[in-house]
Amino acid sequence: DYNVYTKYHGAGPLSTTCADQTWNKVFVMANPNEPAPASRVTIQEVADAAKVSTATVSRVLNTPDAVRPELLQRVQEAMRELGYRVNRSARGLRATRSVQRVGFLFSSIQNPFFTDVLGGAERVLLAQQIAIVVGNAQNNLTYEQQYLELMFEEEVSGIIVNFVSSSAKHYYDFAERGVPFVAIDECPAGFVADSVVTNGRDATRKATVHLLEQGHCTFGFLGGPPFYWTAREREAGVVETLRLAGIPDEAIFVENGDYL
């Protein structure tokens with residue numbers, strides 16, 4: 001069994017005894033020590049920057065073929081410079097009823113672990129009439145970025161995410177977007193963020209100690225892809241424990257493969 005622990009940097013304590021409570025609290029609590037996210041760029045700001053009317057900006061968004069090329073280019077450049085994103089929600093049913101949404105983006109739907117996590121989050125969020133926007137990156141960075149952009153455009157209140165990349169830079173780039181998020185099952189060393197991860201290192205340490213107590217003298221470890229933080233943590237739990245017990249490296253056999 002994996003021991004589950006949380007790293008939460010928001011206001012107030014988090015209970016780890018109930019996964020549902022954890023997900024709930026993560027999204028209703030704010031961190032008073034962190035600056036508020038930047039406000040969303042408005043059509044009026046785009047119009048001011050491009051020196052056109054808001055009606056012209058609206059035409060660029062809805063009927064660009066009806067806009068003169070020079071105006072079209074001017075407005076589009078202003079949008080890029082300001083970081084304007086289309087609010088798709090405002091174009092739909094949310095014009096008459098406000099629906100809060102939370103994004104859920106995972107690296108691969110083929111991993112049953114993430115579908116279990118989704119089920120727990122779903123029970124809490126749907127009970128509060130909060131919709132879930134789900135994305136499956138299929139272990140593809142391009143797909144992941146496309147899903148994130150869609151979630152930003154949908155103005156989700158927060159995102160539960162397991163990134164394809166374990167690079168700290170990838171996490172910093174995402175954090176700069178200003179959308180609250182919780183990382184699940186992985187968070188790179190040195191990056192401070194709300195996260196819920198499995199304590200794989202301690203779990204494999206306990207398993208290794210058990211084998212040592214049985215008198216074994218050679219050991220094999222079959223782990224996951226080393227670019228996953230969780231895979232590296234599990235391997236470290238085994239190898240560090242064996243070395244501390246005086247087991248020579250030539251008696252430790254490590255192989256890495258895929259999870260599927």
Side-chain angles (χ1 to χ4, degrees), residues 4 6-10 14 19-20 22-31 34 37-38 40 83 85-89 92 94 99-188 191-198 200 224-225 227-231 258-260:
V4 178
T6 62
K7 294 190 291 182
Y8 179 66
H9 304 280
L14 260 182
D20 289 349
T22 299
W23 290 120
N24 184 25
K25 292 184 179 180
V26 161
F27 282 99
V28 299
M29 289 183 174
N31 188 340
E34 294 179 355
R40 188 182 183 90
R85 297 193 303 274
V86 177
N87 184 353
R88 297 188 177 195
S89 303
R94 287 178 62 178
V99 177
Q100 190 176 2
R101 303 181 185 190
V102 166
F104 190 104
L105 176 61
F106 41 86
S107 54
S108 175
I109 199 172
Q110 291 179 295
N111 187 336
F113 171 78
F114 295 125
T115 54
D116 286 344
V117 173
L118 174 59
E122 209 170 34
R123 286 193 297 274
V124 172
L125 295 173
L126 293 183
Q128 300 182 48
Q129 297 187 354
I130 299 176
I132 299 180
V133 180
V134 178
N136 172 30
Q138 300 181 48
N139 287 319
N140 185 302
L141 286 171
T142 300
Y143 289 166
E144 178 178 271
Q145 189 58 40
Q146 289 174 344
Y147 273 118
L148 286 173
E149 291 299 331
L150 287 172
M151 290 179 182
F152 292 144
E153 290 176 6
E154 292 290 341
E155 291 192 306
V156 295
S157 301
I159 299 178
I160 302 170
V161 61
N162 172 263
F163 288 113
V164 172
S165 171
S166 60
S167 165
K169 181 182 182 304
H170 192 70
Y171 281 70
Y172 279 113
D173 290 344
F174 175 72
E176 288 176 357
R177 302 298 291 267
V179 177
F181 76 96
V182 175
I184 56 172
D185 202 39
E186 185 162 353
C187 195
F191 183 81
V192 178
D194 297 337
S195 59
V196 179
V197 298
T198 53
F227 52 82
Y228 284 123
W229 176 82
T230 48
D258 203 344
Y259 287 128
L260 300 177

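- No more than 12 heavy atoms of other residues, nucleotides or ligands shown are found within 6.0 angstrom of OH on Tyr143.
- To the nearest 0.5 Å, atom CD of residue Gln138 and atom CD of residue Gln110 are 8.0 Å apart.
- Taking every heavy atom of both residues into account, Asn140 and Thr142 meet most closely at OD1-N, 2.8 Å.
- Note that the OG1 atom of Thr115 and the CD1 atom of Ile109 stand 7.5 Å from one another [nearest 0.5 Å].
- Nearest approach of Pro225 to Ala231, heavy atoms of both residues: O-CB, 3.2 Å.
- Contact between Met151 and Gly103 at its shortest, heavy atoms only, is SD-CA, 3.9 Å.
- The OG1 atom of Thr230 sits 5.0 Å away from atom CG of Asp185, with the distance rounded to the nearest 0.5 Å.
- Among Leu105, Leu148, Val133, Val102, the single residue meeting the side chain to side chain contact (heavy atoms under 4.5 Å, CB included) criterion with Val156 is Val133.
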Please walk me through it: do Leu118 and Ile132 pass side chain to side chain contact (heavy atoms under 4.5 Å, CB included)? CA-CA 9 Å; Leu118 174 59; Ile132 299 180; 4.3 Å; yes
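- The main-chain N or O of Val182 is never found under 3.5 Å from a side-chain atom of Asp194 such that the two would form a donor-acceptor pair.
- Here CD1 of Ile184 is found 12.0 Å from CD1 of Ile159. Values are rounded to the nearest 0.5 Å.
- Nearest heavy-atom pair, Ser107 versus Asn136, reported as atom, atom and distance to 0.1 Å: O-OD1, 3.9 Å.
- Applying the ring-ring contact (aromatic ring centres under 6.0 Å, His included) rule to Phe106 yields the partners Phe104; only residues at least two apart in sequence or on another chain are considered.
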